[in-house]
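Numbering of residues begins at 1 and proceeds along the displayed sequence.
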Amino acid sequence: QVQLVESGGGLVHAGGSLRLSCAASGSIFSIPAMAWYRQSPGKQRELVARMLSSGTTNYADSVKGRFTISRDNAKNTVYLQMNSLKPEDTAVYYCNVDLFRLDNTRHDYWGQGTQVTVSS
């Protein structure tokens with residue numbers, strides 16, 4: 001049993017900042033990759049940021065220079081610091097975790113989603 005719990009969403013004016021967090025718990029051996037996706041009504045889910053255990057990161061072009069993904073491996077938690085927010089960033093943000101269970105089987109898990117709304 002593995003669970004992801006997201007928090008940190010909310011309403012903010014354009015130019016403001018928010019910090020999302022996602023904590024994984026359960027029978028976890030290691031987490032090779034953690035990522036954030038987002039989805040707006042009528043649009044497909046898109047990758048926002050991804051980070052490997054090594055520290056390697058990649059970002060969507062639309063958020064480069066504004067968003068920063070980070071990890072606290074001791075707490076199995078991933079964060080997304082979002083600065084200079086734009087109305088186009090409005091979406092439901094989902095945490096995604098690629099992990100190995102204690103039995104060395106690999107699995108993919110999704111958080112429940114947290115709403116981010118940016119007003120103009």
Side-chain angles (χ1 to χ4, degrees):
Q1 172 81 338
V2 174
Q3 295 179 324
L4 306 183
V5 179
E6 299 181 32
S7 63
L11 279 65
V12 65
H13 289 294
S17 299
L18 286 173
R19 184 176 175 85
L20 307 183
S21 65
C22 174
S25 62
S27 302
I28 301 168
F29 176 72
S30 66
I31 305 178
M34 304 185 83
W36 290 96
Y37 289 76
R38 67 186 181 187
Q39 187 169 26
S40 299
K43 300 179 180 179
Q44 61 184 339
R45 189 170 298 186
E46 65 174 343
L47 176 67
V48 176
R50 185 171 185 261
M51 189 173 195
L52 306 182
S53 295
S54 64
T56 299
T57 60
N58 62 277
Y59 297 89
D61 288 341
S62 60
V63 308
K64 286 181 179 177
R66 300 188 298 120
F67 291 10
T68 302
I69 188 170
S70 61
R71 295 172 57 155
D72 184 337
N73 292 326
K75 298 180 179 179
N76 287 333
T77 300
V78 63
Y79 304 92
L80 185 67
Q81 179 66 46
M82 305 184 293
N83 298 325
S84 301
L85 283 162
K86 305 175 180 179
E88 306 92 273
D89 296 318
T90 295
V92 177
Y93 284 70
Y94 296 91
C95 175
N96 176 257
V97 177
D98 173 22
L99 60 80
F100 284 94
R101 290 178 177 172
L102 294 178
D103 62 2
N104 276 159
T105 57
R106 195 162 188 166
H107 301 271
D108 201 65
Y109 294 90
W110 291 89
Q112 81 278 9
T114 184
Q115 177 71 47
V116 171
T117 302
V118 184
S119 62
S120 60

What's the separation between atom [atom1] in [X] and atom [atom2] in [Y], rounded to the nearest 0.5 Å?
X	Y	atom1	atom2	result
Arg71	Asn73	CZ	CG	4.5 Å
Leu85	Leu18	CG	CG	5.5 Å
Asn96	Cys22	CG	SG	9.0 Å
Thr117	Leu11	OG1	CG	4.5 Å
Phe29	Leu102	CZ	CG	8.0 Å
Leu4	Thr77	CG	OG1	10.0 Å

Side chains of [X] and [Y], heavy atoms from C-beta outward: is any pair under 4.5 Å?
X	Y	result
Val97	Cys95	yes
Met51	Met34	no
Lys75	Ser21	no
Gln81	Asn83	yes
Val116	Leu20	yes
Glu88	Ser40	no
Lys86	Val118	no
Val63	Arg38	yes

same_hphob_cluster([X], [Y]) at 4.5 Å side-chain heavy-atom cutoff:
X	Y	result
Ile28	Tyr109	yes
Leu80	Leu99	yes
Trp36	Val2	yes

Query - Crowding at CZ, Arg50 (>12 non-hydrogen neighbours, <6.0 Å) - result: no

Requested in this report: Take Thr90 and Gln115, measure what side chain to side chain contact (heavy atoms under 4.5 Å, CB included) needs, and give me the verdict at the end.
Outcome: CA-CA 8 Å; Thr90 295; Gln115 177 71 47; 4.0 Å; yes

**Report entry** Whether Gln112 side chain and Glu6 backbone form a donor-acceptor pair below 3.5 Å
**Finding:** yes

Query raised in the report: Do Tyr59 side-chain atoms and Arg66 backbone N/O form a donor-acceptor pair below 3.5 Å?
Result: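 Not confirmed, Tyr59 side chain does not pair with Arg66 backbone.
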
Query - Closest contact, heavy atoms only, Asp98 versus Arg106 - result: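 Nearest heavy atoms, Asp98 then Arg106: OD2-NH2, 2.5 Å.
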
Report task. Please determine if Asp61 and Lys64 form a salt bridge, counting it only when a charged side-chain N lies under 4.0 Å from a carboxylate O. Result ->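 Counted as a salt bridge, because a side-chain N and a carboxylate O are separated by less than 4.0 Å.
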
Query raised in the report: Do the rings of Tyr94 and Trp110 sit parallel, tilted or perpendicular, given the 30° and 60° boundaries?
Result: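 Because their plane-to-plane angle is over 60°, the rings of Tyr94 and Trp110 count as perpendicular.
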
Query raised in the report: So Met82 and Val12, side chain to side chain contact (heavy atoms under 4.5 Å, CB included) or not? Walk me through it.
Result: CA-CA 11 Å; Met82 305 184 293; Val12 65; over 6 Å; no

